[in-house]
There are 2 protein chains.
Amino acid sequence: MAVRSANDIHELIERLLRQGDLRYTTGRRAIVDLLCRVGQPVSISDIESQLPSIPRSSAYRHLVDLQSVGAVRRVAANDDFARFELAEDLTEHHHHLLCTSCGDVIDVAPTPAFEKAVTTMIEQFAEREGFRPFSHSLDIVGHCRECG
Amino acid sequence: MAVRSANDIHELIERLLRQGDLRYTTGRRAIVDLLCRVGQPVSISDIESQLPSIPRSSAYRHLVDLQSVGAVRRVAANDDFARFELAEDLTEHHHHLLCTSCGDVIDVAPTPAFEKAVTTMIEQFAEREGFRPFSHSLDIVGHCRECG
DNA sequence: GTTGTAATGAGACTGAGTCTTGTTCTATGG
DNA sequence: CCATAGAACAAGACTCAGTCTCATTACAAC
Ligand SMILES: [Mn+2]
Ligand SMILES: [Mn+2]
Ligand SMILES: [Zn+2]
Ligand SMILES: [Zn+2]
């Protein structure tokens, strides 16, 4: 999932923020750094335990800001807690395996052939329903390796 | 999306509830009735406005009970509000178009060919990650006909 | 330096969803 | 019938992830 270097990502995000008249401050950088390091969707409690110097309110605000400029994406898991990951523009398009037992979210990259099938299907839906699609997400629900 | 009659659905759900030592009471029936009538995922505020005689706490409890016996499924939309629909066992497997403007959720049925591609892809993921899949959901995010 | 604006920390607040409690329904059986 | 036990219910208190407010601090531009 590390198709870009962390340095590249920092540079790209700095540009995105500047386009939105936002600065790439220490707190924001620390969160992006964590998202790069972990390489899978991260919860607010992950952020709290890994970056204890960042207050909860600031972490949430940073996530909102980073989402507003397209650097971060919110991911709905199978439990009550949102996760956050780098936007697909900065990494690559992928889908999620959701474990109903431990709540873990695992990134998986689809093959081009499969994505082509998805795109075709979406175009059919769009045509039929007069719907203009922007993106899609495929979540696979089950049990991860650890949870059997 | 009406592959079964409402009567069939009531009968099936009554059986499911009985297997869980639960009764098919008026309130529960009213909610199932609404889900049948609307034929698309319904929010708690939809239920409140369509069934004003059912208190919010009861509606939530009924939904929990109906989910626990596999009659109802919770659907995550693109806003903060959960939706509820009849379980796929009672209707048919389908996917969702999520409008980011009005929050509407539209059911769409995939072709068998597409579902086969999805199944194959999921098996690959499962193999690679040691993941045991139970189900999947494909959400297409965009704008509905009304919202352009 | 001065000044305007963005960013921050602390904590109050919101509200969808859950839990508790006292009451009412209903199935069963004597 | 009536009695009784367990399920269902209404009302409202409560929880807590997430948002908002506001006073303070860090920047950037000039
Ligand atoms: Mn895809
Ligand atoms: Mn499918
Ligand atoms: Zn797991
Ligand atoms: Zn819409």
Side-chain angles (χ1 to χ4, degrees), chain A residues 10 13-34 41-69 71-85 98 103 105, chain B residues 10 13-34 41-69 71-85 98 103 105:
Chain A
H10 284 305
I13 290 183
E14 181 158 24
R15 199 170 309 156
L16 287 171
L17 285 168
R18 255 208 272 272
Q19 281 167 16
D21 283 313
L22 300 178
R23 301 180 195 140
Y24 199 21
T25 57
T26 314
R28 287 168 183 164
R29 190 178 295 267
I31 286 179
V32 170
D33 235 40
L34 180 65
V42 151
S43 68
I44 193 70
S45 65
D46 293 335
I47 293 174
E48 276 189 317
S49 61
Q50 297 302 308
L51 304 171
S53 68
I54 297 185
R56 188 185 299 223
S57 64
S58 296
Y60 273 118
R61 184 155 23 78
H62 290 148
L63 290 167
V64 168
D65 295 340
L66 289 166
Q67 285 175 85
S68 76
V69 300
V72 162
R73 180 168 71 139
R74 176 182 298 224
V75 173
N78 210 63
D79 52 27
D80 289 343
F81 311 112
R83 317 288 161 117
F84 302 89
E85 68 179 8
L98 309 181
V105 180
Chain B
H10 284 303
I13 289 182
E14 181 158 23
R15 199 169 310 155
L16 287 171
L17 285 167
R18 255 207 273 270
Q19 283 167 14
D21 283 313
L22 299 178
R23 300 180 196 140
Y24 200 20
T25 56
T26 316
R28 288 167 181 164
R29 190 178 295 267
I31 285 179
V32 170
D33 234 40
L34 181 65
V42 150
S43 68
I44 193 72
S45 65
D46 292 335
I47 294 174
E48 277 188 319
S49 61
Q50 297 302 308
L51 304 171
S53 69
I54 298 185
R56 188 185 299 221
S57 63
S58 296
Y60 274 118
R61 181 159 26 78
H62 291 147
L63 290 167
V64 168
D65 295 339
L66 289 166
Q67 284 175 84
S68 76
V69 299
V72 163
R73 180 168 71 139
R74 176 182 298 223
V75 173
N78 209 63
D79 52 27
D80 290 343
F81 311 112
R83 318 288 161 118
F84 302 89
E85 65 179 10
L98 310 181
V105 180

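Atom set for the values below is all heavy atoms of this structure, side chains included, hydrogens, waters and symmetry mates excluded. Order of the sequence lines fixes the chain letters, A, B, ..., with proteins taken first and strands second; residue numbering starts at 1 for each chain.
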Inset, instruction - Verify, without hydrogens or angle tests, whether B/Ser49 (side chain) and B/Ser45 (backbone) share a donor-acceptor contact under 3.5 angstrom. - result: yes
Legend entry - Rounded interatomic separation in angstrom, taking CG from A/Leu17 and C1' from D/dA28: 16 Å
Inset, instruction - Write down the distance between CD1 (B/Ile44) and P (C/dG15), rounded to a whole number of angstrom. - result: 16 Å
Legend entry - Whole-Å gap separating P (C/dA6) and CZ (A/Arg28): 11 Å
Legend entry - Option from A/Gln67, A/His62, A/Arg73 for which side chain to side chain contact (heavy atoms under 4.5 Å, CB included) with A/Phe84 holds: A/Gln67
Inset, instruction - Name the residue closer to the 5' end of DNA chain C, choosing between B/Asp80 and B/Arg23 according to the nucleotide with the nearest heavy atom. - result: B/Asp80
Inset, instruction - Report the nucleotide, chosen from C/dG17, D/dA8, D/dA17, that has the shortest atom-to-atom distance to any side-chain atom of B/Leu22. - result: D/dA8
Inset, instruction - Let me know the distance between CZ of A/Arg29 and C1' of D/dA26, rounded to the nearest Å. - result: 16 Å
Inset, instruction - Rounded to the nearest 0.5 Å, what's the gap from CD1 on B/Ile31 to CG on B/Leu51? Could you check? - result: 6.5 Å
Inset, instruction - Calculate the interatomic distance between B/Leu51 atom CG and D/dA10 atom P; express it in whole Å. - result: 12 Å
Legend entry - Spacing of B/Tyr24 atom OH relative to C/dT26 atom C1', expressed in whole Å: 18 Å
Legend entry - Atom-to-atom span, CG of B/Asp79 to C1' of C/dG15 - whole angstrom: 14 Å
Legend entry - Length of the line joining B/Asp21:CG and D/dA7:P, which is rounded to integer Å: 7 Å
Inset, instruction - Kindly compute the distance separating CZ (A/Arg83) from CG (A/Asp46), expressed to the nearest 0.5 Å. - result: 7.0 Å
Inset, instruction - Report yes or no: do B/Asp65 and B/Ser68 form a side-chain donor-acceptor pair below 3.5 Å? - result: no
Inset, instruction - Look at the side chain of A/Arg28 and the backbone N and O of A/Arg23, then say whether any donor-acceptor pair between them is shorter than 3.5 Å. - result: yes
Legend entry - Residue-level proximity of residues 54-69 of chain B to DNA chain C when a heavy atom falls under 4.0 Å: B/Arg56, B/Ser57, B/Tyr60
